[in-house]
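Every heavy atom of this structure was used, including side-chain atoms; hydrogens, water molecules and symmetry mates were not. This structure is a prediction, so every number in the text was calculated from the model and none was measured. Chain naming here is simple, since letters A, B, ... match the order of the sequence lines and numbering starts at 1 in each.
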Protein chains: 4
Amino acid sequence: MQSMYFTEEHQLFRESLRDFLKKEVVPHIDKWEASGTIETFIWKKFGEMGYFGLATPETYDGLGLDLFYTVIFLEELQKVNSGGFAAAMWAHAYLAMTHLNKNANDAQKKAYLIPSVNGEKIGCLGVTEPFGGSDVAGMRTTAVREGDSYIINGSKTFITNGVYGDYCILAAKTAPSAGNKGISIFIVDLDKEGVSANKLNKLGWRASDTAELAFDNVRIPASSLMGEEGKGFTFIMEAFALERLVMGVNAHARAEWALDYAQQYMSERETFGKSINQYQALRHKFVDLHADMDLCKQYNYGVVYKMGKGEYVVREATISKLKSTEMADKVAYDCLQFLGGYGYIEDYPMARMFRDSRLGPIGGGTSEILKEIIAKIVIDKKEYRMPKE
Amino acid sequence: MQSMYFTEEHQLFRESLRDFLKKEVVPHIDKWEASGTIETFIWKKFGEMGYFGLATPETYDGLGLDLFYTVIFLEELQKVNSGGFAAAMWAHAYLAMTHLNKNANDAQKKAYLIPSVNGEKIGCLGVTEPFGGSDVAGMRTTAVREGDSYIINGSKTFITNGVYGDYCILAAKTAPSAGNKGISIFIVDLDKEGVSANKLNKLGWRASDTAELAFDNVRIPASSLMGEEGKGFTFIMEAFALERLVMGVNAHARAEWALDYAQQYMSERETFGKSINQYQALRHKFVDLHADMDLCKQYNYGVVYKMGKGEYVVREATISKLKSTEMADKVAYDCLQFLGGYGYIEDYPMARMFRDSRLGPIGGGTSEILKEIIAKIVIDKKEYRMPKE
Amino acid sequence: MQSMYFTEEHQLFRESLRDFLKKEVVPHIDKWEASGTIETFIWKKFGEMGYFGLATPETYDGLGLDLFYTVIFLEELQKVNSGGFAAAMWAHAYLAMTHLNKNANDAQKKAYLIPSVNGEKIGCLGVTEPFGGSDVAGMRTTAVREGDSYIINGSKTFITNGVYGDYCILAAKTAPSAGNKGISIFIVDLDKEGVSANKLNKLGWRASDTAELAFDNVRIPASSLMGEEGKGFTFIMEAFALERLVMGVNAHARAEWALDYAQQYMSERETFGKSINQYQALRHKFVDLHADMDLCKQYNYGVVYKMGKGEYVVREATISKLKSTEMADKVAYDCLQFLGGYGYIEDYPMARMFRDSRLGPIGGGTSEILKEIIAKIVIDKKEYRMPKE
Amino acid sequence: MQSMYFTEEHQLFRESLRDFLKKEVVPHIDKWEASGTIETFIWKKFGEMGYFGLATPETYDGLGLDLFYTVIFLEELQKVNSGGFAAAMWAHAYLAMTHLNKNANDAQKKAYLIPSVNGEKIGCLGVTEPFGGSDVAGMRTTAVREGDSYIINGSKTFITNGVYGDYCILAAKTAPSAGNKGISIFIVDLDKEGVSANKLNKLGWRASDTAELAFDNVRIPASSLMGEEGKGFTFIMEAFALERLVMGVNAHARAEWALDYAQQYMSERETFGKSINQYQALRHKFVDLHADMDLCKQYNYGVVYKMGKGEYVVREATISKLKSTEMADKVAYDCLQFLGGYGYIEDYPMARMFRDSRLGPIGGGTSEILKEIIAKIVIDKKEYRMPKE
Ligand SMILES: Cc1cc2nc3c(=O)[nH]c(=O)nc-3n(C[C@H](O)[C@H](O)[C@H](O)COP(=O)(O)OP(=O)(O)OC[C@H]3O[C@@H](n4cnc5c(N)ncnc54)[C@H](O)[C@@H]3O)c2cc1C
Ligand SMILES: Cc1cc2nc3c(=O)[nH]c(=O)nc-3n(C[C@H](O)[C@H](O)[C@H](O)COP(=O)(O)OP(=O)(O)OC[C@H]3O[C@@H](n4cnc5c(N)ncnc54)[C@H](O)[C@@H]3O)c2cc1C
Ligand SMILES: Cc1cc2nc3c(=O)[nH]c(=O)nc-3n(C[C@H](O)[C@H](O)[C@H](O)COP(=O)(O)OP(=O)(O)OC[C@H]3O[C@@H](n4cnc5c(N)ncnc54)[C@H](O)[C@@H]3O)c2cc1C
Ligand SMILES: Cc1cc2nc3c(=O)[nH]c(=O)nc-3n(C[C@H](O)[C@H](O)[C@H](O)COP(=O)(O)OP(=O)(O)OC[C@H]3O[C@@H](n4cnc5c(N)ncnc54)[C@H](O)[C@@H]3O)c2cc1C
C-alpha cells in the first residue's frame with residue numbers, strides 16, 4: 001500500500017540513503033556497539049548529506065521536506081540493526097531539533113539549529129529525572145533567574161546523547177510551586193562549568209550514550225530560555241506526538257527487518273531434512289507476526305499522513321507507539337526463537353534486536369503512561385490540544 | 001482519519017441508512033432473533049432503498065457506487081447488533097450477488113441480478129460441503145450434463161440464506177477427476193424438485209437461516225451454468241478477497257459498537273462509590289481494545305481503498321479478516337466482562353454480540369486456512385492473481 | 001499424578017457416579033437446557049444417592065467424606081456438559097449448604113440441612129444485588145427486627161436456584177450504617193408472602209434458573225438468623241475460599257472434557273486427505289491448551305489437599321478460580337475452533353460449552369475482584385483469615 | 001504449599017546453601033559475568049560442600065539425597081541472578097553427571113564421577129551440532145573403532161562448560177547409517193589432541209562458557225564408551241526428562257526471584273505522589289504474573305515428587321519446561337517494565353534476568369520441539385519409556 005503515501009522521489013531518496021548507510025555506517029556498527037561511542041565523522045557526514053535537516057526549513061539550512069522523508073530516514077536507520085546508532089541520530093534530529101524548529105527564536109536557531117542541521121553540534125533532550133520519569137510535572141531541577149543569567153541546579157537521567165552531545169534542550173522549573181505551569185525550556189551547552197555526565201551501562205542501545213547529568217550551579221545566559229517562562233510543559237506535550245510517532249515508525253521498521261531476516265534464515269536452515277520454513281507451526285506464527293507488523297505499519301503511515309496535514313493526532317500517535325513497540329518486541333522475541341540457539345548468539349542479529357527493541361515500551365513515555373493518556377482522551381474526553389489563541 | 005476516505009456524500013448516506021435501520025429494522029430484531037426468520041417485507045424495503053445495488057452497475061438497476069458505500073452499509077448493519085440479520089443481508093448482496101455481478105451473462109443478470117437488487121429474489125452461495133469445508137477443491141457435489149440440462153447430486157452445508165432464499169450460486173464438479181479445474185458454478189432455484197433444506201440450530205447469527213442442502217437428481221437448465229465449465233474454482237478464489245474484506249470490515253464495526261456500548265455502560269455503573277470507568281485496570285484494558293480496533297479499522301479502510309483502485313489485495317484482504325475477526329472476538333469477550341453479571345444476560349447486548357462474533361474466525365475460511373494462504377503468499381511467493389490473458 | 005490424591009475408593013466412587021449420571025441425567029439434559037427447568041425427580045435421586053451430603057457430617061444424614069469426593073462430584077458433573085445443570089447441583093450443595101454446615105444451629109440444620117442432603121429442599125445463596133455485585137458490603141437489602149420477626153425489604157439478583165429453590169441463604173443489613181459489620185445472614189423460605197422471583201434469560205447455564213428476587217415486607221421468624229447479627233460478611237468471606245475452589249475445579253474439569261472431545265473429533269475429521277490432528281499448527285495449539293489445563297488441574301488438587309488439611313488457602317483458592325476459569329474459556333474457544341463450522345452448531349457440544357464456560361470469570365467474584373483480593377494479600381500483606389478467638 | 005514436599009531438613013539445607021552463596025558466590029558474580037570466566041576455586045568449594053553430589057550415591061562420594069535437595073540447589077542458584085553461573089553448575093551436575101551416574105561403569109565412575117562430585121573435574125554434555133540441533137538423530141560426528149581406540153571426527157556447538165571444562169559426555173555415531181540406533185556416548189577429555197574450542201559470545205548466560213568444539217581425528221581409548229554402542233539415543237532421551245525438569249524448576253525459581261525484587265522496588269518507587277505498587281493496572285499485572293508463577297512452581301514440585309518415586313513423567317517434565325520457561329520470560333519482561341528506565345540499566349538486576357531467561361525456551365530442546373514430543377505422547381499415544389527388558 002506504499003503507493004498511497006510514497007512518490008517516486010521518496011523512493012529515490014530511500015535508495016540513496018540505503019546506499020549511504022551501507023557504505024558509511026554499516027562497516028562501523030560493531031565497533032560502535034562495542035565501544036558505546038559513535039565516531040564524530042559520521043555526524044558530519046549525516047550533516048553534509050542533509051539528513052538532519054529533512055524537516056527543517058531551508059532558511060536554516062534544512063531541506064523542508066514532507067514527513068514521509070522522515071519516515072524513510074527512520075525506517076532505513078532501523079534496518080541497520082543498531083537501535084543505539086539510530087537513537088543517537090533521531091534523538092538529535094527529532095527530540096532536540098524539534099524543539100529548536102518549533103520554539104527557538106531566530107538567534108537561537110542560528111546558534112543551534114543551523115549547526116545541528118550540519119552535524120556540527122549534537123543535541124539532546126533533557127526531561128527525565130532520577131525520581132519518577134513518568135511524572136514530568138514533578139521534576140525538581142530548577143532554573144533561577146539572576147540578572148542576565150539563569151542558575152541551573154538539579155539532575156537529569158537517561159539522556160540520550162547526553163555524554164557526547166554538545167547542547168541540551170533542558171526542562172527546568174522556573175516557578176517550582178506552579179506545577180506544570182512552572183516549567184521552562186532552556187538550551188544549555190554541555191561543556192558549561194558545573195555540568196557533569198555519567199555514562200549508563202544499558203541492556204541495549206549500546207552504541208548510544210545515555211547520560212545521568214548533574215547540574216551544579218550552572219550559569220547560563222538568560223537568552224537561553226526558549227519561548228517564555230512557564231511554557232515548558234506545553235512545549236514538551238506538543239513535541240510528544242511527533243516523538244511517539246517517530247518511535248512507532250521505528251518499531252514497525254525494525255519488526256519488518258527482523259521478519260525479513262528470519263524469513264531468509266528459515267528458508268536456508270534445515271532440520272529433519274526440511275527447511276524450517278516448511279513447518280506449519282512456524283509458518284502460522286510467522287504469518288501472524290507479519291500481519292501484526294503490517295497493521296502497525298499501515299496505521300503509522302496513516303497517522304504520518306494526517307500529522308503532515310496538520311491534524312490533531314495525539315490519540316493516534318500515542319496508539320502508534322503503544323501498539324507498534326509492543327508488536328516489535330513480540331516480533332523480536334519470536335524471530336530470535338526461529339533462529340534456535342543462533343538466536344542467542346551475538347554474532348547473529350537477533351540478540352541485539354531483542355535487546356534494542358526492549359526500550360520501545362519504556363522510553364518516551366512507558367506503555368502504562370501512554371495508556372493513561374489515551375484513557376483520558378477516549379474515556380474522559382480530555383483534549384491535549386493547545387487552546388487556539 | 002475518516003476524512004482520508006469518506007466524503008460528505010458518504011456521510012449523508014450513512015446518516016440516512018442509520019435512520020432507516022433504526023426505524024425499519026431495529027424494532028423487529030428481537031423477534032427475528034427469536035424466530036430465526038427474517039420477515040419478507042424487509043428484503044423488499046432494502047431493495048426499494050437501493051441498498052442491495054450499491055455495487056451493481058446502473059444497467060442492472062444498481063447504483064454503481066464506490067466501495068466505501070459498501071463499507072458504510074456493512075458498518076451500519078453491524079451496529080444494529082444482530083450478526084444474523086446483517087449476515088442475511090450481506091450474504092445476499094456480497095456472497096451471492098458478487099458472483100452474478102462478475103460472472104453472469106446478460107440473461108442471467110436479467111433473471112437474477114435485477115430481482116436481487118430489488119429485493120425480490122434472495123440469493124445464497126453454496127460452496128461448503130459436510131465433509132471438510134476447508135478443502136474447497138475436495139467437494140463431492142456433481143453436475144452431470146444431460147442434453148440441455150445438468151443433473152445435480154450432492155449436499156452442501158452451512159449455507160446462509162439457504163432455507164428461505166430463492167436461488168443458490170452453487171459450486172459443483174462437472175469433471176470430478178480434474179480436481180480444482182473440474183469445478184463449475186451454477187445458478188440453482190431452490191424450489192426445484194429434488195432440493196431439500198434442513199435448518200441448523202446455531203450458537204449465534206440466530207436471525208439468519210443456515211441450511212444443510214441436499215440435491216437429489218436436481219435437473220436444471222444448461223443455461224444455469226455461469227461462465228464456462230471448469231472456471232468455478234477461479235471464480236470462488238477471486239470472490240474471496242472481497243468476501244474476506246467484507247468480513248474484516250464487519251469485525252471492526254461490531255467491535256467499535258461494542259466498545260461504544262461498554263464505554264457508556266461503564267460511565268454509568270458504580271461499584272464502591274465510583275463509576276467503574278475510573279478503575280485503572282479497566283481503563284487500560286479498554287484502551288488496549290480501542291487501540292486494537294482502531295488498528296484494524298484503519299487497515300481495512302486502506303485495503304478497501306486499494307481494492308477500489310483495482311489493485312491485487314489478496315494478502316491484505318486475508319490479513320484484514322484474520323486479524324479483525326480475532327480482535328472482534330477479544331473485544332466482545334472483554335466488553336461482556338465489563339458488564340459483570342449483566343454481560344451474561346440476553347436482555348443486554350453483549351451476550352448476543354459474543355455469540356455472533358464467534359463466527360468470524362470460522363466462516364468464509366477459518367483463521368487457520370487464512371494463515372495457510374498468507375503463508376503461501378509471503379513465504380512461498382505464490383500468487384493468487386488470475387493470469388492475465 | 002492422580003495417585004497423589006485419589007485412593008481406590010475415590011476411583012470407585014467416580015465410576016459409580018459416572019454411571020449414575022449417564023443413566024439418570026444425560027438423557028434429560030437437552031430437554032432441561034431447552035426448558036430452563038430441571039425436573040424435581042432428579043433432585044430426589046441425587047439426595048437418595050447421598051451426593052448432596054458428601055461434605056455433611058453423618059449426624060445430619062451426610063456421608064462426611066474428604067474433599068476429594070467433592071472434587072470428583074464436581075468434575076463428573078462438568079463432564080455432562082451442561083454448566084447449568086451442574087450449577088444447580090453445586091450451588092445447592094456448596095453455596096447454600098456450606099453456610100448451613102458451618103453456621104447454622106442444630107434446629108436450623110434439622111429443618112434445612114437434613115432435607116437439603118436428602119434432596120427435599122433446594123437452597124440458593126442470595127448475596128448479589130442489582131446495584132453493584134462486586135461491592136458486597138454495599139448491599140441495600142435490610143432486615144429489621146420486629147418482636148420475634150425480621151422484616152426483609154430489598155432485592156437480589158443473579159440468584160442461582162432462586163426461581164425453583166425452596167429457601168435462600170440471604171444476606172441483608174441489620175445495621176445499615178455499620179458497613180460490612182452490619183450484614184447478617186438469614187434462612188428465608190422462598191414461598192413466603194412478599195417474595196417474588198423473575199427468571200433471567202441467560203447466555204449459558206440455560207438449564208439453571210437464575211432469579212431476580214424482590215423482598216417486599218417479607219416477615220420471617222427471628223430464629224431464621226444464622227449465628228449472630230453482624231456476622232454475615234465474615235460468613236460470606238469464609239465461604240468464598242471453598243466457593244472459588246469449587247469454581248476452579250469445575251473449570252479444569254470442563255476444559256479437560258472439551259479437550260478430550262476435540263481430540264476425538266480431530267482424529268476423525270479429515271481435510272485435504274489427512275485427519276486434522278496431523279496438522280502441526282493444530283497439534284501445537286492443542287498441546288498448549290492441554291498443558292495449561294494440566295497446570296490448573298494439578299494446582300487445584302494441591303489447593304484441595306491443603307484446604308482438606310485445614311490450612312488457610314484464600315490466596316491459592318482465589319488463584320485457582322482466576323486462572324482456571326480463564327484457561328477454560330480459552331480452551332472452549334479453541335476447541336470450538338477445532339470443529340470448524342460444526343463448532344458453531346448447537347447439536348455439537350462446543351457451542352454450549354463456550355456459552356456455559358463464559359460465566360466462570362464473572363460469577364462468584366469477577367476476575368477483576370479476585371485480582372483485587374490477591375493483590376491485597378500478596379502486595380499489601382492483608383490477611384483474610386478469621387482472627388483466632 | 002511447601003509443606004507438602006519440603007521437610008525441616010530440606011529447609012535447613014536451603015538456609016545453609018543460601019548463606020554459602022551469599023558469602024562465596026555473590027561477591028564474584030559481576031566479575032564473572034564481565035569476564036565470562038568462573039574462577040576455579042569456586043568449583044572446588046562446591047565440591048567440598050558436597051553440592052555436586054546431592055544426587056550421587058555415597059559409594060561415589062555423593063550424598064544420595066532425595067530430589068527435593070536438587071530442587072533447592074537449583075532454586076537458590078537462580079536466586080543469585082546469574083543464569084550463566086547457575087548453568088555452569090547445573091550443566092556439570094545434571095547434564096554431564098547424570099550420564100555418569102546412570103550409564104557409566106565402575107571404572108568410569110571412579111575416574112570421572114568421583115572427581116566431578118569433588119569439583120575437581122568439570123563436565124559438559126556434547127549433543128548439539130552446528131547443522132540442526134533439534135534433530136538429534138541427524139548428528140554427523142563419528143566415532144570409528146580402531147583397535148583399542150575410537151577416532152572422533154566432527155563438531156559440536158553451544159556446549160555449556162565446553163571451553164573450560166575437563167571432559168565431555170559426547171554423542172557420536174558409531175554406525176552412521178543406522179539413524180538413532182547408531183548413536184553412542186563417550187567420555188572425552190577435552191585436553192586431548194585434536195580437540196579445539198571456540199568460545200561463543202552470547203546474549204545472556206554470560207558467566208557461562210559456551211563452546212563450539214571441533215574434533216579432528218581425536219583418538220580416545222575404547223574404554224571411554226559408555227554402556228554399549230548404539231545406546232546413545234536412548235541414554236539421551238532418558239536423561240531429557242530430568243534435564244527438562246531441571247530447566248522448569250530453574251524457570252519458576254528465577255521468576256519468583258524477579259517478582260520479589262520487583263515487588264520491593266515497586267513499594268519504594270513513587271510517581272505522582274504514590275508508590276507505584278498502588279496503581280491498579282500494575283497491581284493486577286503483578287498478581288497475574290504471581291499466579292502464573294505459582295501454577296508452574298506447584299506443578300513442578302508435583303512432577304519432582306513423582307519422578308522421585310520413579311514414575312514415568314516424560315509428558316509432565318516436558319510440560320514443566322515448556323510452560324515454566326515461557327512464564328519466566330513473561331515475568332522477566334514485565335518486571336523489567338515495572339522498573340521503568342532502570343529496567344534497561346545493567347546495574348539493576350532485571351536487564352540480566354531478561355537476557356538470561358531468554359535461553360529457557362531454546363536450550364535443552366526448543367519449545368517447538370517440546371510441543372512435538374507432547375503431541376506425540378498426547379495425540380499419537382507414543383511412549384518415550386524404555387521397553388522393560
Ligand atoms: C535508553 C533510554 C533512553 C532515554 N532517553 C531519554 C532522553 O533522551 N530524554 C529524556 O528526557 N528521557 C529519556 N529516557 C527516559 C524515559 O523517558 C523514562 O525512562 C520513562 O519515561 C520512564 O520513566 P522512569 O524510568 O522514571 O520510570 P517510572 O516513572 O519510575 O515508572 C516505573 C514504572 O511505573 C509505571 N508507572 C508510573 N506511573 C504510573 C501510573 N500513574 N500508572 C501506572 N503505572 C505507572 C511505569 O509505567 C513503569 O512501569 C530514556 C530512557 C532510557 C532507558
Ligand atoms: C453460520 C455459518 C454460515 C456459513 N455460511 C456459508 C455460506 O453461506 N456458504 C458456504 O459455502 N459456506 C458457509 N459456511 C461454511 C464455512 O465457510 C466453513 O464452516 C468453513 O470454511 C470451515 O469448514 P468446515 O466447517 O468444514 O471445517 P473443517 O474444514 O472441517 O475444519 C476443521 C478445523 O480444522 C482446521 N483445518 C482444516 N484444514 C487445515 C489445515 N490444512 N491446516 C490447519 N488446520 C486446518 C480448520 O481451521 C478448523 O479449525 C458457513 C459456516 C457457518 C458456521
Ligand atoms: C449466571 C449467574 C449466576 C450467579 N449466581 C449467583 C448466586 O447464586 N448468588 C449470588 O449472590 N450471586 C450470583 N451471581 C452474581 C455474581 O456473583 C455477580 O454477577 C458478580 O459478583 C459481579 O457483580 P455484578 O454483576 O454486579 O458486576 P459489577 O460489580 O457491576 O462489575 C462490573 C464490572 O466492573 C468490574 N469492577 C467492579 N469493581 C471493580 C474494581 N474495584 N476494580 C476493577 N474492576 C471492577 C467488574 O469486574 C466487572 O467487570 C451470579 C451471576 C450470574 C451471571
Ligand atoms: C547458551 C546455550 C547453551 C547450550 N548448551 C548446550 C549443551 O550444553 N549441550 C548441548 O548439547 N546443547 C546445548 N545447547 C544447544 C541447544 O540444545 C540447541 O540450541 C537447541 O536444541 C536448538 O537447536 P538449534 O539451535 O540447532 O536450532 P534448530 O534445530 O536449527 O531450530 C531452529 C528453529 O526451528 C525450529 N524447529 C526445528 N525443527 C522443527 C520442527 N520439526 N517443527 C517445528 N519447528 C522446528 C526450532 O524450534 C527453532 O525455533 C545450548 C544452546 C545454547 C544457546
Side-chain angles (χ1 to χ4, degrees), chain C residues 1-5 259-260 262-263 266-267 275 277-303 305-306 309 311 313 315-316 318-324 326-327 367-381, chain D residues 1-5 259-260 262-263 266-267 275 277-303 305-306 309 311 313 315-316 318-324 326-327 367-381:
Chain C
M1 271 187 263
Q2 303 211 349
S3 53
M4 276 178 74
Y5 304 110
L259 287 165
D260 284 351
Q263 186 166 348
M266 293 164 78
S267 73
S275 66
N277 73 4
Q278 292 312 305
Y279 291 113
Q280 196 188 37
L282 301 188
R283 289 166 70 85
H284 282 208
K285 181 170 278 183
F286 186 89
V287 157
D288 220 40
L289 299 171
H290 166 85
D292 287 339
M293 180 278 295
D294 205 28
L295 251 67
C296 287
K297 180 171 144 183
Q298 300 309 326
Y299 190 82
N300 296 344
Y301 287 167
V303 186
Y305 179 88
K306 286 188 84 179
K309 292 229 172 307
E311 294 186 38
V313 291
R315 182 184 65 88
E316 291 89 340
T318 311
I319 288 177
S320 165
K321 174 173 184 299
L322 175 68
K323 300 306 296 188
S324 302
E326 191 181 88
M327 175 278 297
S367 293
E368 290 75 24
I369 295 302
L370 301 188
K371 285 183 190 168
E372 289 288 294
I373 289 166
I374 303 170
K376 280 182 193 137
I377 296 174
V378 175
I379 300 173
D380 306 334
K381 310 296 177 202
Chain D
M1 273 185 264
Q2 302 212 349
S3 52
M4 278 177 73
Y5 304 110
L259 287 165
D260 283 351
Q263 186 167 347
M266 292 163 78
S267 71
S275 65
N277 73 4
Q278 293 312 305
Y279 291 114
Q280 195 189 37
L282 302 189
R283 290 167 70 86
H284 282 207
K285 180 170 279 184
F286 186 89
V287 157
D288 220 39
L289 300 171
H290 167 84
D292 287 339
M293 181 278 295
D294 204 29
L295 252 67
C296 287
K297 179 170 145 185
Q298 300 308 325
Y299 190 82
N300 296 345
Y301 287 167
V303 185
Y305 179 88
K306 286 190 82 181
K309 293 230 171 304
E311 293 185 40
V313 291
R315 182 184 65 88
E316 291 89 340
T318 311
I319 288 177
S320 163
K321 175 174 183 299
L322 174 68
K323 300 306 296 187
S324 303
E326 192 180 86
M327 174 278 296
S367 293
E368 290 75 24
I369 294 304
L370 302 187
K371 285 183 190 169
E372 288 289 294
I373 289 165
I374 303 170
K376 280 182 192 136
I377 295 173
V378 175
I379 299 173
D380 307 335
K381 310 296 175 202

Any ion pair linking R315(D) and D294(C) (charged N to carboxylate O, less than 4.0 Å)?
-> yes
Between the CG atom in D288(D) and the CD1 atom in I374(C), the distance rounded to the nearest 0.5 Å is 8.5 Å
How many angstroms lie between CZ in F286(C) and NZ in K371(D), if you round to the nearest 0.5 Å?
-> 13.5 Å
Region of [X] in contact with chain C, defined by heavy-atom distances below 4.5 Å:
| X | result |
| --- | --- |
| E372(D) | both |
| K376(D) | both |
| L322(D) | side chain |

Can you tell me which portion of [X] sits under 4.5 Å from chain D's heavy atoms? Options are side chain, backbone, both or neither.
| X | value |
| --- | --- |
| Q280(C) | side chain |
| N300(C) | neither |
| H290(C) | side chain |
| E368(C) | both |

Please report the shortest heavy-atom distance between A291(C) and I319(D), naming the atom on each side.
-> CB-CG2, 3.8 Å
For chain D, the option from M266(C), K309(C), E326(C), R283(C) that forms the most heavy-atom pairs under 4.5 Å = R283(C)
So do L295(D) and Q298(C) actually touch side chain to side chain, heavy atoms under 4.5 Å?
-> no
One option among V313(D), N277(D), D380(D) has the most heavy-atom pairs under 4.5 Å with chain C, and it is D380(D)
Give a yes or no on whether the backbone of V378(C) and the side-chain of Q263(D) come within a donor-acceptor separation of less than 3.5 Å.
-> yes
